[in-house]
Amino acid sequence: MAEGGLVVLGLDPGSRVTGYGFVLEISGQATLIETGTIRTPAKKDMATRLGVIFDELQVLIKKHNPVEAAIENVFVGKHPASALKLGQARGAAMAACATNGISVAEYEPTKVKKNLVGVGNAPKDQVAFMVANCLGLKKPKWAEDASDALAVAICHLNERRMRKLIGM
């Protein structure tokens, strides 16, 4: 916990690009700490790329000390090989959290969109707009993957508040 607040790490994992976002919530108000992407070396083998995700997240986690993390679930589309790679990237990100004692909540992409925008099939630009709005910023100034990571973090904070209100 930051002074009087809660730091949450949002993650949008990918084998090529992993989005991350650290959000601080104090008294129900979310503010941006840091967001960005981890880009893995495309010409390297998968083990090396997963190591990059793990190592870079370790550094970021130590820098910002989040108490909780939230991650998008794997979306299985037409390409099973892509889903497998995405699952491996998720595993590397979750392992980085686990080795630092951070619990990880998992959310379906449609739940994140519905939580922020009101509909589960909202386009990415609408999600980015709502992320900026929730964080008190005028326009999104980050990559799509970073925006998605911030959306997961904000969704988690909203869900956390709701569970607390209803006594769960």
Side-chain angles (χ1 to χ4, degrees), residues 1-41 44 47-74 86-109 111-113 115-117 124 127-165:
M1 283 235 196
E3 277 189 47
L6 174 75
V7 177
V8 171
L9 166 60
L11 293 161
D12 179 34
S15 61
R16 292 184 188 146
V17 180
T18 292
Y20 67 86
F22 290 88
V23 176
L24 169 65
E25 183 184 62
I26 299 175
S27 300
Q29 180 64 45
T31 55
L32 175 64
I33 296 174
E34 181 181 342
T35 191
T37 56
I38 298 168
R39 297 187 179 276
T40 63
K44 296 288 183 176
T48 301
R49 292 161 67 186
L50 296 174
V52 167
I53 294 168
F54 181 86
D55 290 343
E56 290 198 27
L57 280 176
Q58 291 280 41
V59 171
L60 290 164
I61 287 168
K62 284 176 182 24
K63 178 179 176 184
H64 296 296
N65 297 311
V67 176
E68 297 175 8
I71 193 167
E72 263 192 359
N73 275 337
V74 175
L86 179 58
Q88 291 171 326
R90 260 179 110 248
M94 291 174 84
C97 292
T99 60
N100 287 280
I102 302 166
S103 64
V104 181
E106 303 174 62
Y107 296 97
E108 297 296 327
K111 172 138 184 139
V112 173
K113 290 176 180 182
N115 188 288
L116 266 73
V117 180
K124 287 192 177 275
V127 174
F129 174 82
M130 287 306 294
V131 165
N133 190 32
C134 289
L135 296 173
L137 304 169
K138 295 203 188 286
K139 285 174 111 179
K141 299 175 182 174
W142 44 73
E144 222 175 60
D145 300 287
S147 182
D148 289 348
L150 289 169
V152 176
I154 293 167
C155 174
H156 178 68
L157 289 169
N158 291 341
E159 290 291 314
R160 193 177 190 280
R161 256 190 326 281
M162 184 58 73
R163 284 192 305 274
K164 191 174 182 181
L165 283 172

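- Atom-to-atom distance recorded for Cys134:SG and Asn158:CG is 6.5 Å, nearest 0.5 angstrom.
- Across all their heavy atoms, Ala146 and Gly36 have their closest contact at CB-O, 3.6 Å.
- Glu108 is linked by a salt bridge (charged side-chain N to carboxylate O under 4.0 Å, His left out) to nothing, counting only residues two or more places apart in sequence or in another chain.
- With sequence neighbours excluded, no residue satisfies side chain to side chain donor-acceptor pair (under 3.5 Å) with Asp145.
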I'd like a table of donor-acceptor pairs (distance under 3.5 Å, sequence neighbours excluded) in which one partner is a side-chain atom from residues 92-102, with atom names and distances.
{"unit_1": "Thr99", "atom_1": "OG1", "unit_2": "Gln58", "atom_2": "NE2", "d": "3.1"}
{"unit_1": "Thr99", "atom_1": "OG1", "unit_2": "Ala95", "atom_2": "O", "d": "3.2"}
{"unit_1": "Thr99", "atom_1": "OG1", "unit_2": "Ala96", "atom_2": "O", "d": "3.1"}
{"unit_1": "Asn100", "atom_1": "OD1", "unit_2": "Lys62", "atom_2": "NZ", "d": "3.1"}
{"unit_1": "Asn100", "atom_1": "ND2", "unit_2": "Gln58", "atom_2": "OE1", "d": "2.3"}
{"unit_1": "Asn100", "atom_1": "ND2", "unit_2": "Ala96", "atom_2": "O", "d": "2.8"}

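- With sequence neighbours left out, Glu159 forms a salt bridge (charged side-chain N to carboxylate O under 4.0 Å, His left out) with Lys111.
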Side chains of residues 14-25: which donor-acceptor partners sit under 3.5 Å, not counting sequence neighbours?
{"unit_1": "Thr18", "atom_1": "OG1", "unit_2": "Gly14", "atom_2": "N", "d": "3.2"}
{"unit_1": "Thr18", "atom_1": "OG1", "unit_2": "Gly14", "atom_2": "O", "d": "2.9"}
{"unit_1": "Tyr20", "atom_1": "OH", "unit_2": "Glu34", "atom_2": "OE2", "d": "3.1"}
{"unit_1": "Glu25", "atom_1": "OE2", "unit_2": "Arg161", "atom_2": "NH1", "d": "2.0"}

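- Tyr107 is linked by a ring pair (Phe, Tyr, Trp, His ring centres under 6.0 Å) to His156, counting only residues two or more places apart in sequence or in another chain.
- Rounding to the nearest 0.5 angstrom, the gap separating the SG atom in Cys155 from the CD atom in Glu72 is 9.5 Å.
- Residues passing the side chain to side chain donor-acceptor pair (under 3.5 Å) test with Arg49 are Thr40, sequence neighbours excluded.
- With sequence neighbours excluded, the residues satisfying side-chain contact (heavy atoms from CB on, under 4.5 Å) with Ala151 are Val112, Leu116, Val127, Val131.
- Closest non-hydrogen pair, Leu86 versus Pro13, comes out as CD1-O, 2.8 Å.
- The shortest side-chain heavy-atom distance between Thr31 and Ile26 does not fall under the 4.5 Å cut-off.
- For the ring pair (Phe, Tyr, Trp, His ring centres under 6.0 Å) condition, no pair includes a residue of residues 129-149, sequence neighbours left out.
- Between the CG atom of Leu135 and the OG atom of Ser147 there is a distance of 9.0 Å, given to the nearest 0.5 Å.
- Under the 4.5 Å side-chain criterion, counting only non-hydrogen atoms from C-beta, Val7 is not in contact with Asn65.
- For the atom pair Leu32 CG and Ile154 CD1, the distance stands at 8.5 Å (nearest 0.5 Å).
- The structure places CG of Leu60 at 8.0 Å from CG of Leu9, a figure rounded to the nearest 0.5 Å.
- Applying the salt bridge (Lys or Arg N to Asp or Glu O under 4.0 Å) test to pairs two or more places apart or on separate chains, those with a residue in residues 87-100 are Arg90-Glu106.
- Residues meeting the salt bridge (charged side-chain N to carboxylate O under 4.0 Å, His left out) test with Lys44, sequence neighbours left out: none.
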